[in-house]
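Just below is one structure, and these are the notes that go with it.
Predicted model only: the values in this text are computed from it and were never measured. Note that ligands are numbered from 1 as they come in the structure, with each ligand's atoms numbered from 1 the same way.
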Amino acid sequence: MGQLDIRSVIPGPGLHLARINGQLYVKHDGAFSGLGRDVSLDELLRLPLAELRESLLRARPNESIVDGLIEAPIQSQEVWAAGVTYQRSREARAEESVNADPYDRVYSAARPELFFKATPDRVRGPGQKITIRADSNWDVPEPELAVVCNSRQEVIGYTIGNDVSSRSIEGENPLYLPQAKVYDGCCALGPAIALAWEFDPADKTIALEIRRDGTVLFRSETNTSAMRRPIAELLEYLYRHQHFKSGCILLTGTGIVPPREFTLQPADEVIIRIEGIGALHNEVERL
Ligand code: DO4
Ligand code: MG
């Protein structure tokens, strides 16, 4: 898969922040502005939203990028994830699990399910390989809206996340969730952050396509309007009694689960699209 054409994965209109060739760029309606080698995502996520916005709007188009390596929009942030925020996830978990009860209960409980998903070194960027575990025989991608949040619990933008998961391990016992969810290459993020003051996450289509040997094996869509909980509520629980010095990234749950008979295989291509953010392409490998 390798290097991707920047303009084909980040949409033309809108304001996006992307990491390309090791540097941050603002892309505004097709024009790229480099923020310079000294500006880091960690630093930006320590600023109040209003200051971050000011500093990004000050960037002037000064470089023309035609190609480059697009990296995951993450530096030192932890990735967390919410679970069972869509009815489809609840149904799929009830079907796979030895015990449907925890999933049914958390769907309607006041407290959401939040779990630790990945450190930056476990995350893959656009065009990189995501992983399925050798000790799992039932694996799926989970296409999710990812919220990028600063140290002050303010949403600075949104990107695409893939919460790659083992259904066989989690299905055997819900207490195995960390092993089903957290391992090298278990998460992909990218291609860019659609900035919060220009992007409204309400009513956005999330589409998943899985290709094998060049043919589309599975395709489905959902919409963020089907999410049961507001993003602010998820963040309120996530930021209770812990702080994130340089912000964090929260995956907001999946509304698409392929049918029971489907499992990912090495060399499958997974493409997730979210309207206004772009497309995240990854190939699968087995650890
Ligand atoms: O409850 C287990 C994980 C759920 C999840 O990852 C999701 O709903 O997206
Ligand atoms: Mg998930």
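Taken to the nearest 0.5 Å, the OG atom of Ser246 stands 7.0 Å off from the CG atom of Leu45. With rounding to the nearest 0.5 angstrom, the CZ atom of Arg273 is 10.0 Å from the CD atom of Glu221.
Nearest-residue assignment for atom 3 (C) of ligand 1 (options Arg90, Arg88, Lys181; heavy-atom criterion): Lys181.
Restricting Glu144 to its N, O or S atoms, the one at the least distance from the Mg ion (ligand 2) is OE2. When distances from the Mg ion (ligand 2) to the N, O or S atoms of Asp163 are compared, OD2 comes out shortest. The atom of Glu142 nearest to the Mg ion (ligand 2) is OE1, with the search restricted to N, O or S atoms.
Shown here for Ala146 and Ile160, the closest heavy-atom pair between the two residues is CB-C, 4.3 Å. The two residues Tyr103 and Arg90 come nearest to each other via the heavy atoms O-CG, 4.4 Å. Summarising the geometry of Asp121 relative to Arg124, their closest heavy-atom pair is O-NH1, 3.1 Å, with the distance given to 0.1 Å.
With a 6.0 Å cutoff to the six-membered ring centre and a 45° limit on the axis angle, Arg88 does not count as a cation-pi contact of Tyr86.
Residue contact check: Glu144 has heavy atoms under 4.0 Å from atoms 9 (O) of ligand 1. Those atoms of ligand 1 with a heavy atom of Phe115 less than 4.0 angstrom away are 3 (C), 6 (O). Of all atoms in ligand 1, listed by their number and element, those nearer than 4.0 Å to a heavy atom of Gly83 are 4 (C), 5 (C), 7 (C), 8 (O). Atoms of ligand 1 found under 4.0 Å from any heavy atom of Arg93 (numbered from 1 in listed order, with element): 2 (C), 3 (C), 4 (C), 5 (C), 6 (O), 7 (C), 8 (O). Remark: ligand 1 atoms within the under-4.0 Å shell around heavy atoms of Gly253 are 9 (O). Heavy-atom contacts of Leu177 reach the following atoms of ligand 1: 2 (C), 3 (C) (cutoff under 4.0 Å).
For Val84, a nitrogen or oxygen atom sits less than 3.5 Å from a nitrogen or oxygen atom of ligand 1, counting backbone and side chain alike. When only interatomic distances are considered, the shortest N/O to N/O separation between Thr85 and ligand 1 does not fall below 3.5 Å. Checked against a 3.5 angstrom limit, the closest N/O atoms of Tyr103 and ligand 1 fall outside it.
Protein heavy atom at the shortest distance from atom 8 (O) of ligand 1 is Ser89 OG, 2.6 Å. Looking at atom 1 (O) of ligand 1, its nearest protein heavy atom turns out to be Glu113 OE1, 2.7 Å. In this structure, the protein non-hydrogen atom closest to atom 2 (C) of ligand 1 is Glu170 OE2, 3.1 Å.
Contact annotation: for Val106 versus ligand 1, there are no heavy atoms closer than 4.0 Å. If you look at Asp163 next to ligand 1, the close heavy atoms, those under 4.0 Å, all belong to the side chain.
Side-chain N/O atoms of Asp139 and Gln265 include no donor and acceptor closer than 3.5 Å.
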Side-chain polar contacts of residues 209-218 - donor-acceptor pairs under 3.5 angstrom, sequence neighbours left out - could you list them?
| from | atom 1 | to | atom 2 | distance (Å) |
| --- | --- | --- | --- | --- |
| Glu209 | OE1 | Arg219 | NE | 3.1 |
| Glu209 | OE1 | Arg219 | NH2 | 3.2 |
| Glu209 | OE2 | Arg211 | NE | 2.7 |
| Glu209 | OE2 | Arg211 | NH2 | 2.8 |
| Arg212 | NE | Asp268 | OD1 | 2.7 |
| Arg212 | NE | Asp268 | OD2 | 3.4 |
| Arg212 | NH2 | Thr263 | O | 3.1 |
| Arg212 | NH2 | Asp268 | OD2 | 2.7 |
| Thr215 | OG1 | Arg212 | O | 3.0 |

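Under a 4.0 angstrom heavy-atom cut-off, Tyr86 registers as lying outside contact with ligand 1.
Using cut-offs of 30° and 60° for the angle between ring planes, the Trp80 and Phe244 rings count as perpendicular.
Heavy-atom neighbours of Glu54 CD from other residues, nucleotides or ligands within 6.0 Å: at or below the threshold of 12. With a 6.0 Å radius and a threshold of 12 heavy atoms from other residues, nucleotides or ligands, Lys204 has its NZ atom above the threshold.
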Where do Glu144 and Thr252 land on the side chain to side chain donor-acceptor pair (under 3.5 Å) test, with the steps shown first? CA-CA 6 Å; Glu144 305 190 10; Thr252 54; 5.4 Å; no
